[in-house]
Enquirer: 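Let me begin by handing over the structure; questions about it come next.
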Amino acid sequence: MSNGLIAIGAGLAIGLSALGTGLAQARIGAAAMGAVAEKPELLGRAILLVAIPETLTILGFAVAAMVIVLLKV
Amino acid sequence: MLVPLAKVRIIGRSQDLARTVDALHRLRRVELAPADSNATEAPVGLGTGEHERHCDQLRLLIATLDALDALTDDGPGRAVREQPARASGAAAEPTPPAGATAVDPRAVARELAALTPRVEALIGAVELLRSEQAVLQRYVALLRGLLELAPELAILEERELAALRLTSVALLLSAESAMVVDLLDEALADIVGERFWLLSAPIDDDGIGCVLVHPQEDADAVHELLGQERIRHVPLPEPYARLSLRTSVESMERRLEELPAELAAAQERLNEQIAPRVQAWRTERAALAAQLEQLDALALAGATERTFHLAGWTPRAELSCVAASLEGELGGRVVVEELSEGRVDRDAPVLMRSARAARPFQPLVRFFDTPRAHSVDPTGLVAIFLPLMFGFMVADVAYGAVLLGIVLVARARLGPRYPAFRELSPVLVAGAVWAIAFGIVFGEVLGNVGERIGVPALWLRRDSSDAVVPLLLLGVAIGAVHVVLGLVLGVSQSRRDRDRRELLGHAGTLIFLAGAFLLAGVAAGVLPSAATTPVAAALIAGLVIVSVSGGALGAIIGPLELLGAITNVLSYLRLAAVGLASVYLAVVANKLAGVGPIWIGVVIAAFLHALNLLLAAFTPSVQALRLHYVEFFGKFFIGGGRPFRPFGVPQPGSATEAASGQGGSGIVARVKERE
């Protein structure tokens, strides 16, 4: 039971953060592609902007890893 | 590194301006810039109608020569063009003859004027044959479809139709108005009563084919009806107009068999006119483009009544060479002086020059942005860290070896055709080599297959549960080094730019990060608790400095900046995260290989490993680039630079672009139509 709750907690940590990243990237990506369509030279900057929210998922992963490693019985 | 460029001024007598520009064009070491002085006049002849006409004539000749060159694409000219490219491994760029004035535009114009009518006639003949071929193919398909509708017609010849006093008409109706068939049927019934036969069926996505057979005496009434809107009569080409459907199809098919030979002969006649001259035309085109560039460059010169002066940029190390060459060519009648000595000009163009091993990484930096003049060029550091990060994420001997093999084979096969791939392939090779190296460190071959076959791990095995924390810590450690390096470069850059605010911001962030790392050490028990006071002092000092550097809003922006810096370091956790995801997928693939019959297991494992390899090729590349662009470059990189473009070095599409806008000759128009 305890292991199950730990797994659910870890899953929520990575899952919710990935969901948040996805929502943010969807909006940023749409705007960035619009900008690139107008000015193709902005592609590098556009990738940069789209990539920024990914850190949220990485932090979620770190929390999930810590939940599993530190709380595992 | 960015090559230091010197701004130079070239001064000479007015009558030497054209020769000076010609010499600079051949020298290919100076980028010309507008003369920024109190010049009172434009150079002699510039801006006049004659000058403009001369430029227009050159553009027209270039466009015509380009059009003639394009005609060789499907003839012997292609072979002529591809041969030198294959031999040298790069697209051959014709070199203008020594002294661009060696080619007389009037002579080229005369030659083209004599040749153009012949070539146009031959192009016309080829186009006519191609058009006939396309039309007949369409008609044959249509008529064959119609004959299938009425097999009775297929067996009738025209004399039999004539004997029956019948006429057949082929019609094509728009597929969007299927009702029109019924309407046509009704209209025909009104005109000719029951004495007609109308069959219809869809021919393709665009239309419905119909065959109408009616008595000859009703031909006028029927044609009048067919002339009305919404009905497209399919008039057969003149030679087939009086034939029956069946005979028409047979005649067209015979003609279609003859056409390829006629087309080849016409193309051959065209090539005979063009191919012998194509190399000469390329040289002439290069010379004319050089003349055009030189005429355009005259507009950049400043002049007084008796003198001219030109401004430009050249690599400082080559300044003496440029001066010596010009003075040698013009007999010491020009003076070259440096204007930028001891000055920092941030609007200067940028020339990136890296060590040979780092050169393939330059496009990755330029893809982000061209560094501004007098800023840091990170190409060398990217060459060190990017493959290392890629290798750390993939970290598998087998995956690395396969990637290496694929890249080497692809470079050998595709390199000559795709120069961009050839240019970037060393980046992939370096990444694959690092992947093999880290694979040895972790003892990984196709995930945990290495462990099963007894490959030892030099450090730890990534698929074990004990590996997660050390890998995360290593990721953070790489991040700390990378971000701190970026901040140090940022401090150096802001010192060079004498930007106190930036300098304070970067220095404060560095102090704060040092405090944060030490605090982590104290928390982990690595450092004694007595270190807490200096650690707290470092954290507070960093916060205060960053807040002060933020000005009026510093109290709000400062803490956010520091939080951002911590997040930047933690962002490198992805190095471990992506690597763990890769190894877990490989382990899953290996586990599934043992489920069920062996052949199913092997297929599943092979599929999952292939998928993992594909992901390993893309995801780590994107993540490693992102870490550079966002976390690393963000600390010091200043973009907005303008690449150094030496006068005389052909720029992609410059002369052609200018010329293509001219339109003009019939050949240009015809070639554009073909394209």
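So you know, we letter chains A, B, ... as the sequences are listed, proteins then strands, and number each from 1.
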Enquirer: Between Tyr572(B) and Ile58(A), is there a side-chain heavy-atom distance shorter than 4.5 Å?
Expert: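 Side-chain contact under 4.5 Å: no.
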Enquirer: Where does Ile52(A) contact chain B at under 4.5 Å (heavy atoms): side chain, backbone, both or neither?
Expert: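 For Ile52(A), heavy atoms of backbone and side chain both lie under 4.5 Å from chain B.
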Enquirer: Please classify the contact of Asp369(B) with chain A as side chain, backbone, both or neither, using a heavy-atom distance under 4.5 Å.
Expert: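 Side chain only.
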Enquirer: Is there a side-chain contact between Arg574(B) and Thr55(A) (heavy atoms, below 4.5 Å)?
Expert: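 A side-chain contact under 4.5 Å exists here.
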Enquirer: Taking only heavy atoms into account, what residues of residues 621-640 of chain B are found under 4.5 Å from chain A?
Expert: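 The list, in residue order, reads Gln623(B), Arg626(B), Tyr629(B), Val630(B), Glu631(B).
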Enquirer: Just verifying a value: how many Å separate Phe61(A) CZ and Leu472(B) CG, rounded to the nearest 0.5 Å?
Expert: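 Spacing of CZ (Phe61(A)) from CG (Leu472(B)) equals 5.5 Å.
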